[in-house]
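Read through the structure below, which is laid out as structure tokens, and then see the notes.
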2 protein chains.
Amino acid sequence: MDYAFAQRVREMRSSAIREILKVTERPEVISFAGGLPAPELFPLEDVRRAVNEVLGNGDPSALQYSSTEGYPPLREYIAETMRLKEIGVGPNEVLLTNGSQQALDLLAKLFLDPGDTVILQRPSYLGAIQVFSSYEARFVTVGADAEGVIPESLEQAIREAHPKLIYLTPTFANPTGETMSLKRRQAVAGLAAEYGVPVIEDDPYSELRFSGEVLPPLASFDQNGWVIYLSTFSKTVAPGMRLGWIIAQPDLMSKLVLAKQGTDLHTSSFVQRTVHQYLVTSDVTGHLGRIRVEYGRRRDTMADAIRRTFPAGVHWTEPEGGMFLWVTLPMGLDAVDMLHEAVEEKVAYVPGISFFPNGGGENCLRLNFSNSTPALIEDGVKRLAGLLARRMG
Amino acid sequence: MDYAFAQRVREMRSSAIREILKVTERPEVISFAGGLPAPELFPLEDVRRAVNEVLGNGDPSALQYSSTEGYPPLREYIAETMRLKEIGVGPNEVLLTNGSQQALDLLAKLFLDPGDTVILQRPSYLGAIQVFSSYEARFVTVGADAEGVIPESLEQAIREAHPKLIYLTPTFANPTGETMSLKRRQAVAGLAAEYGVPVIEDDPYSELRFSGEVLPPLASFDQNGWVIYLSTFSKTVAPGMRLGWIIAQPDLMSKLVLAKQGTDLHTSSFVQRTVHQYLVTSDVTGHLGRIRVEYGRRRDTMADAIRRTFPAGVHWTEPEGGMFLWVTLPMGLDAVDMLHEAVEEKVAYVPGISFFPNGGGENCLRLNFSNSTPALIEDGVKRLAGLLARRMG
């Protein structure tokens, strides 16, 4: 057969980079490519206890259809954690989703007509680029430095491009790991309100802070629903659950609920009930503390190894949290080209171009440190250093 | 704030019927409105045992990110059950989804541009109408009788409307409960291939057969991928899991995987692993047998009560399986109008118009029998009979 696919998907195809990275799933490859948490830190026994408590009292409701909005006690729990972050919302402003990726998909569905513009920080999260692309968005990218996106550039882009959405990861951005300063958060929230453009604040990583000072989320500087906050339990509990949430004011919430209803009725009751039970009966603070200590150790190991072994002329970020370092090679070196060689040496990363929808980043690469043990990090960085020495030497 | 929503969602709104039916969630209302399975039949203890086996061996992979396609042993299990239904596929043709609703959403995303036509049987499943509407589809509806959609009418509609998709529930259709005959299945599969139009075969109910002869699915008459088969564990294990699947040939599968990746990365590993473990370690046949016996009893109770109590001039289906009876009142009676009164009498149903995207069905209503005990069914039917007697007497 020869299917007559819709316009928007005729050009859909797996990226060449994804094809190369498939080999990194082999156990002998040291992969800094994925964005995976460390599975050995998952709270396996606490989750098991929680699910036994949920299913063990003879109440079958955890297996029944439930409301599109989500399990009420979990919405209440999330609203409470939001208030601790200075986002003043109640449970009715919380929508449970299948991870943040679904939140992005629902928001794209609601806000984007084909040809509409989305403003992104440059570079920006690949999964967001993919979902906005699937709604035929055009992109305008705005420069960022160690303090995050540059407000003057953002304002100019808003004036020129009339975007329907702005997408930002203010804390420990993917891929750079960098964090927007307090002053810029105030400025960006102000711009959203001034120009009436919704900003999606994607915040999967803020609980993974190893050092430096906690900053209030962008949404805490917004009083009128222009900043739409997303987060997830993927990094703090476990990504295999596929459980995240959106904070939305009533007008947006009612549309999101209709969109989600059409998409999959609701997020798994079994998952929501299990995660809620885990959250209210486990030492969540202790668990997060253990993750932070271990991820901090891995970041240090990676940064130290790079410092010791990479040739002069290579630059890298040393984020205060999250899961990634961002490496910039001297101009003229091509990280896609080098990936083939890296994979032969059994080490992998994601080339920078994946994070630049309008081109750029050829000499950049993203390294994940959360999913490899310190010993493997040492070893993998050494292999990369060897490659770089040959190319730059 | 005043959000600038996309074109397609500016008119999105909760239906008036949904608003009325919200009151049916109160425990004192006998609701024949929902499409819920009987929660007292959920295999709670077997699921609990299964999830303990999954989490209890120290392997954290059930909580980690996993592939978009789905858990390989579950894909293999489903392929095996498909082969038993004469659909000759391997595990690589199985995509796990968050219930069939997500399968419909992904297929709509792949096949529909705004203004494209979808052919539906008349009446047709509300959730499918909603998802196709959200992609701005136009509908052409085709008449059906007790043997399912009428092939001559379907062929004429295909010739005139050049549809991008045909959507059918050949076995125990929602809302009528009726089943397409063997001869018509052959004819419809032939039309799909002849005209090169993909037919979505939505098959959530075929395992819920209480009487009559098992029929092979529509997809078993198709050799070239024109019939796209969907099913779900919602009716056979538990809907709160949100777990279903699509059978797709490689060309379609690769697009579906990209679309699903953008939508939510993958379906919960925790859910997939738990359901797989349940399936391979439990007496699934025995469990299905118990559901069939009980649902058959409830259908009989409802049909008998209707026969005894409804006024002459009312007609209803008596399906050999599924979860619904379809009631046709004399012309001129309005089931939406009557719903207000029914809710006052603490009994609820879904008015027929919900299932007719282009109008019609004013004098029809759908009754669910799976989610009420026989005693409540007796009582609820009696209340409806009282209402009808007043209106028709």
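Here is how names work: the chains are called A, B, and so on, in the same order as the sequence lines, proteins then strands, and each is numbered from 1.
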Could you look at [X] and say if it's the side chain, the backbone, both or neither that has a heavy atom under 4.5 Å from chain B?
X	result
Val47(A)	both
Asn57(A)	neither
Gln261(A)	both
Thr267(A)	backbone
Pro39(A)	both
Phe132(A)	neither
Ser133(A)	neither

Residue [X] versus chain A: region with a heavy atom under 4.5 Å:
X	result
Asp59(B)	backbone
Leu36(B)	both
Asp222(B)	neither
Thr274(B)	side chain

Between [options], who has the most heavy-atom pairs with chain A when the cutoff is under 4.5 Å?
options	value
Gly99(B), Pro198(B), Gly240(B)	Gly240(B)
Gln102(B), Met241(B), Glu40(B), Arg273(B)	Met241(B)
Gly127(B), Ser66(B), Gly56(B)	Gly56(B)

Do [X] and [Y] touch side chain to side chain, with heavy atoms closer than 4.5 Å?
X	Y	answer
Asp264(A)	Asp105(B)	no
Phe42(A)	Leu55(B)	no
Val271(B)	Val271(A)	yes
Ser269(A)	Arg242(B)	no
Tyr3(A)	Leu110(B)	no

Atom of [X], atom of [Y] and distance for their closest heavy-atom approach:
X	Y	result
Val51(B)	Phe270(A)	CG2-CZ, 4.2 Å
Tyr65(B)	Gly35(A)	CE1-O, 3.7 Å
Ser134(A)	Lys109(B)	OG-NZ, 3.7 Å

Subject >> Backbone of Pro37(A) reached by a side-chain donor or acceptor of Gln64(B) within 3.5 Å >> reply: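 Yes, the answer is positive, given that a donor and an acceptor are paired below the 3.5 Å cut-off.
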
Original post:
How many angstroms lie between atom CG of Asn52(B) and atom CG of Asn52(A), to the nearest 0.5 angstrom?
Top reply: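 Atom-to-atom, Asn52(B):CG and Asn52(A):CG are 4.0 Å apart.
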
**OP:** Nearest 0.5 Å please: distance from the CG atom of Leu265(A) over to the CD atom of Gln130(B).
**Re:**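 With rounding to 0.5 Å, CG (Leu265(A)) is 9.0 Å from CD (Gln130(B)).
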
**OP:** For each of Asn98(A), Leu106(A), Leu41(A), Val131(A), tally heavy-atom pairs with chain B at distances under 4.5 Å, and name the one with the top tally.
**Re:**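 Top count of heavy-atom pairs under 4.5 Å with chain B: Asn98(A).
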
Original post:
Under a 4.5 Å heavy-atom cutoff, which of Ala238(A), Ser268(A), Gly244(A), Ala62(A) has the most pairs with chain B?
Top reply: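 The option with the most such pairs is Ser268(A).
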
